[in-house]
Undergrad: 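Dropping a structure here in structure tokens format, bear with me for questions.
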Amino acid sequence: MGSQFLSATTALTRRAVFGLAMAAGLVLATQMPAEAAPKTGLTLGMAVEPTGLDPTIAAPVAIGQVTWQNIFEGLTTIDRNGKVQPQLAESWTISPDGLTYTFKLRQGVTFHNGEAFDSSVAKFSIDRARGADSVNPQKRYFASIDTVETPDATTLVLKLKQPAGSLLYWLGWPSSSIVAPKSAADNKTTPIGTGPFKFVSWTKGASVELARNPDYWNKAGAAKLEKATFRFIADPQAQAAALKAGDVDAFPEFGAPELIESLKTDARLATVIGNTELKVVAGMNNAKKPFDDKRVRQALMMAVDRQAVVDGAWSGFGTPIGSHYTPNDRGYVDLTGTYPYDPQKAKALLAEAGYPNGFSFTMKAPQMAYAQRSSQILQAMLAEVGVTMTIETTEFPAKWVADVFKGGNFDMTIVAHAEPMDIDIYARDPYYFAYKNPAFNELLKKVEATSDAAEQEKLYGEAQKILATDVPALYLFVMPKLGVWDKKVAGLWENEPIPSNVLSEVHWTE
Amino acid sequence: MIALIFRRFAGLIVTLLLVSAIIFAVMDLLPGDPASVILGTSASPDTLAALQKEMGLDRPLVVRYVAWLGGVLQGDLGRSYTYGVPVAGLIAERLAVTVPLALMAVVLSIALAIPLGVQAARHQNGAWDVFSGLFSHVSIAVPAFWVGLLLIILFSTTLGWLPAGGFPGWDAGAAESFKALFLPAVALALPQAGVLMRVTRSAVLEVMNEDFVRTARAKGLSEQTALWRHAVPNALIPVVTMLGLQFTFLIAGAVLVENVFNLPGLGRLAYQALSQRDVVVMQDVVLFFSGLVILMNFLVDLAYLVIDPRLRAGVR
């Protein structure tokens with residue numbers, strides 16, 4: 001590689017370099033104004049660049065935020081209200097015992113490379129996700145499937161080992177995207193799906209470009225934009241600068257709440273504050289003293305003024321929560337009143353648990369702004385009830401996953417859980433909270449045993465209540481979705497019931 | 001002289017080999033498993049094992065090192081875990097941003113520092129000297145990324161003359177690309193210029209008191225001619241040494257500046273690869289940087305021979 005650099009430098013003589021510098025100066029002197037964005041193209045900003053473009057082989061949400069519903073589609077989909085809707089499966093029937101799902105598949109659907117979609121393709125996708133060599137990040141969601149049958153080209157039958165009431169919802173996830181047999185192996189770099197947009201190019205480190213799919217199967221849902229460009233800008237200051245300069249038209253998840261006020265003063269921009277699925281929770285090691293005592297956890301919860309955390313850490317944007325559930329989710333119950341802020345009661349309960357003079361522990365906080373700031377505020381609040389917290393910064397994700405998540409080597413930590421409807425993590429074993437409650441596990445089994453939506457919502461309500469009472473983690477707030485975009489752009493989602501940037505309905509109003 | 005160059009070149013290869021072993025060991029010691037980073041927190045153990053096997057991470061350390069080094073020696077730098085493309089291509093793409101950026105910064109800092117430093121020496125303790133002293137203090141003290149932010153606020157947000165960040169790619173035309181690189185180059189050049197200016201000033205001051213400069217003046221040369229023809233060339237050795245040393249700072253600065261200006265350069269690639277534990281990319285990029293620094297030192301040594309005929313005579 002050294003030789004490449006050498007040849008590049010020696011090719012440029014001193015005079016040439018001087019000439020280039022002069023040319024740069026000339027360009028500056030002419031002060032050309034930035035070209036106005038064409039009204040059929042949209043440049044959309046994202047903080048994180050995806051790592052590969054195949055959501056079925058890697059977990060980072062940025063992958064789905066570029067590809068899901070734009071390039072890739074599923075048998076089902078999830079709409080802007082978080083509801084399951086048919087997509088490549090037109091309709092389905094579920095047997096009374098909940099063990100057989102029969103899907104009627106849509107006809108006339110083709111992939112961007114011309115391959116036709118039929119039941120064999122659907123079977124291929126599901127088998128790829130659940131097979132022995134599968135590296136699907138949500139492989140567990142396919143575990144209930146026993147056999148996949150294809151009686152004819154437009155019928156797919158899934159036979160289950162046990163009922164899975166959330167199956168239709170899971171099939172709508174980015175990780176359940178339908179991929180074509182011929183192109184699946186290359187989707188990481190050149191994704192091929194059935195969606196309203198085709199992949200055009202990926203300039204690594206800078207942007208991904210998509211273009212309208214003229215042959216999209218759903219004429220009513222066809223893309224209104226001719227071109228969509230995702231630009232990746234990590235630094236919040238750079239994000240704000242790009243928005244103000246008009247370099248990006250929309251930043252659906254703007255990174256810095258403290259800069260929102262300065263963007264509001266720009267008459268060209270709209271700020272749209274919604275909810276994400278990111279639950280900011282301070283998980284405790286329930287297997288370790290003193291956190292193995294429920295009373296200690298409850299006392300710590302009462303020592304925390306959630307609204308003050310939101311105000312201090314995230315400029316007042318964000319909704320306080322009392323359990324591992326967001327207002328986007330079906331069956332949401334506001335449980336912030338279960339253990340409300342009450343330092344006196346907190347002290348009394350700590351004394352009852354045997355800690356009249358408090359105790360000391362270490363908080364392993366990732367480097368992200370929300371985690372650092374929330375930790376510092378928690379530190380001050382817990383000091384009020386005599387508990388001393390030492391903050392130790394832990395690099396996220398790599399070191400955190402190794403040390404906290406897998407190693408269980410922590411007292412308390414704080415992260416935003418990104419996956420929608422992931423209350424079942426408290427029933428997983430092993431899981432980093434080391435929370436064990438058979439009644440809770442039983443409840444979640446019942447959720448899967450029924451496919452009746454109302455019954456599921458009732459059960460989810462009970463599950464939320466158990467967590468709010470047991471406090472395996474300090475439930476703080478739901479991260480807001482700080483949407484900032486040009487006022488003339490319409491159709492972007494206000495809330496984010498699943499991490500995504502669905503562009504099919506997005507258009508310029510003038 | 002050929003023998004000297006050959007000896008230095010052999011040393012360069014040995015150093016690089018040592019560096020490669022150290023890099024590999026350090027990357028392995030780094031906490032965190034690339035497969036876990038890719039698959040997130042919901043992956044089951046068998047999925048993780050499947051991915052580790054696919055990535056070749058289940059093999060012993062020495063086997064992986066030999067495989068990597070063997071690849072590098074044959075020009076195959078491996079494949080990025082995160083992007084899924086060959087690393088050589090990634091680095092080449094990024095060089096198209098970082099090399100012009102670094103060159104622009106070096107040219108700018110020389111263009112600023114040498115005239116300022118020479119004039120400061122000429123008018124020692126005069127108004128020029130005080131002004132350039134102040135300039136150098138401020139530009140050294142202020143971090144490059146902060147200068148970058150100020151430049152963005154003035155030239156992009158307020159005046160709208162230049163893009164706030166990002167890189168359109170050379171396909172979009174040289175003019176657009178240079179516009180995108182100009183502010184980052186200024187941010188990168190200012191701290192370098194401050195240091196370079198001070199070195200130039202003190203080197204020229206020292207030489208100006210030498211007998212040969214007095215002789216030049218005595219035989220009737222004007223002050224300017226004596227300065228530029230006799231003093232400055234003799235003051236260049238410490239300046240070139242400093243330029244070589246600053247190269248490492250230029251690379252470190254590029255990591256920050258590329259992040260502030262959102263430029264898809266090599267520095268940003270290194271930063272991203274580290275946070276994603278894209279170990280192959282990390283190894284290659286750090287090896288590349290090390291090679292570059294070693295190469296720069298080598299070039300500086302060669303430059304001495306060009307600048308100073310006495311050294312040339314010595315090695316013959």
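Here is how names work: the chains are called A, B, and so on, in the same order as the sequence lines, proteins then strands, and each is numbered from 1.
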Undergrad: In terms of relative ring orientation, are A/F433 and A/Y431 parallel, tilted or perpendicular, with 30° and 60° separating the classes?
TA: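 Answer is tilted, since the angle falls between 30° and 60°.
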
Undergrad: So what's closer than 4.5 Å to chain A heavy atoms on B/L90: side chain, backbone, both or neither?
TA: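 It is the side chain, since no backbone atom gets that close.
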
Undergrad: Where does B/L48 contact chain A at under 4.5 Å (heavy atoms): side chain, backbone, both or neither?
TA: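 Looking at B/L48, just its side chain touches chain A.
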
Undergrad: Between B/L181 and B/V97, is there a side-chain heavy-atom distance shorter than 4.5 Å?
TA: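 Yes, side chains in contact.
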
Undergrad: Can you tell which part of A/E419 gets under 4.5 Å to a heavy atom of chain B, answering side chain, backbone, both or neither?
TA: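 Interface part for A/E419: side chain.
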
Undergrad: Where does B/F261 contact chain A at under 4.5 Å (heavy atoms): side chain, backbone, both or neither?
TA: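 The answer is neither part of B/F261.
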
Undergrad: Heavy-atom cut-off 4.5 Å, strictly under: side chain, backbone, both or neither for A/N136 against chain B?
TA: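 A/N136 touches chain B through backbone heavy atoms alone.
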
Undergrad: Would you mind checking if A/K204 and B/D278 are paired as a salt bridge, meaning a charged N to carboxylate O distance below 4.0 Å?
TA: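 Here B/D278 does not pair with A/K204 in a salt bridge, since their nearest N and O are not under 4.0 Å apart.
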
Undergrad: Would you mind checking which part of A/I57 comes under 4.5 Å of any heavy atom in chain B, side chain (CB onward), backbone (N, CA, C, O), both or neither?
TA: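 When you check distances to chain B, only backbone atoms of A/I57 fall under 4.5 Å.
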
Undergrad: When only pairs under 4.5 Å are counted, which of A/H417, A/E395, A/K244 shares the most heavy-atom pairs with chain B?
TA: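 So the answer, after comparing A/H417, A/E395, A/K244, is A/E395.
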
Undergrad: Checking A/W400 against A/F410 for the ring pair (Phe, Tyr, Trp, His ring centres under 6.0 Å) test, could you report, in this order, the C-alpha distance in whole Å, the side-chain angles of both residues, the deciding distance, and whether it holds?
TA: CA-CA 10 Å; A/W400 184 86; A/F410 75 109; 8.1 Å; no

Undergrad: So that I can tick it off, tell me whether B/K53 and A/D133 are bridged by a salt bridge, with the cut-off set at under 4.0 angstrom between side-chain N and carboxylate O.
TA: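 B/K53 and A/D133: not salt-bridged.
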
Undergrad: Taking B/G265, B/G40, B/S44, B/S36 one by one, which has the highest count of heavy-atom pairs under 4.5 Å against chain A?
TA: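 Between B/G265, B/G40, B/S44, B/S36, the count favours B/S36.
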
Undergrad: Can you tell which part of B/L269 gets under 4.5 Å to a heavy atom of chain A, answering side chain, backbone, both or neither?
TA: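 Neither part; nothing is under 4.5 Å.
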
Undergrad: Need one label for A/A402: side chain, backbone, both or neither, based on atoms under 4.5 Å from any heavy atom in chain B.
TA: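 The answer is the side chain of A/A402.
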
Undergrad: Sort out for me which of B/T41, B/N259, B/D46, B/V260 touches chain A most, counting heavy-atom pairs under 4.5 Å.
TA: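 Going by pairs under 4.5 Å, I would pick B/T41.
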
Undergrad: Taking side chain as everything from C-beta outward and backbone as N, CA, C, O, which of these in A/Y141 sits under 4.5 Å from a heavy atom of chain B? Side chain, backbone, both or neither.
TA: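 Contact with chain B is absent: no heavy atom of A/Y141 under 4.5 Å.
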
Undergrad: Please tell me if the side chains of A/V208 and A/T67 come closer than 4.5 Å, counting only heavy atoms from C-beta onward.
TA: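 A side-chain contact is absent here, since even the closest heavy-atom pair is not under 4.5 Å.
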
Undergrad: For A/Y432 and A/F405, take the angle between the two ring planes, folded into 0 to 90°, and tell me which bin it lands in: parallel under 30, tilted 30 to 60, perpendicular over 60.
TA: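 Geometry flag for A/F405 against A/Y432: tilted rings.
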
Undergrad: Could you check if a side-chain atom of A/P50 sits within less than 4.5 angstrom of a side-chain atom of A/F232, using non-hydrogen atoms only?
TA: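 Yes - at least one pair of side-chain heavy atoms lies under 4.5 Å apart.
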
Undergrad: I'd like to verify something: which residue of B/G84, B/A111, B/G166 has the highest number of heavy-atom pairs under 4.5 Å with chain A?
TA: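 Looking at each of B/G84, B/A111, B/G166 in turn, B/G84 comes out on top.
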
Undergrad: Any side-chain heavy atom of B/R94 within less than 4.5 Å of one from B/V285?
TA: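 No, side chains not in contact.
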
Undergrad: Among the options A/Q237, A/Q138, A/Q239, pick out the one with the most heavy-atom pairs lying under 4.5 Å from chain B.
TA: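 Most pairs with chain B among the choices: A/Q138.
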
Undergrad: Between A/I233, A/V401, A/D235, which shows the greatest number of heavy-atom pairs under 4.5 Å with chain B?
TA: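 Top option by heavy-atom pairs under 4.5 Å: A/I233.
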
Undergrad: Which answer fits B/L51, side chain, backbone, both or neither, if we ask what part of it has an atom under 4.5 Å from a heavy atom of chain A?
TA: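 Contact with chain A: backbone and side chain both.
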
Undergrad: Pick one of side chain, backbone, both or neither for A/K399, based on which atoms fall under 4.5 Å of a heavy atom in chain B.
TA: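 Both backbone and side chain.
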
Undergrad: Quickly, which of A/T394, A/D403, A/T413 forms a side-chain hydrogen bond (donor to acceptor under 3.5 Å, both in side chains) with A/K364? Name it, please.
TA: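 Only one of A/T394, A/D403, A/T413 forms a side-chain hydrogen bond (donor to acceptor under 3.5 Å, both in side chains) with A/K364, namely A/D403.
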
Undergrad: Could you pull out the closest heavy-atom pair between B/A144 and B/A187, with the gap in Å?
TA: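 The pair with the smallest heavy-atom distance is CB-O, 3.5 Å.
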
Undergrad: Can you tell which of B/P264, B/P34, B/S42, B/A50 has the highest number of heavy-atom pairs within less than 4.5 Å of chain A?
TA: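 Of B/P264, B/P34, B/S42, B/A50, B/S42 has the most heavy-atom pairs under 4.5 Å with chain A.
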
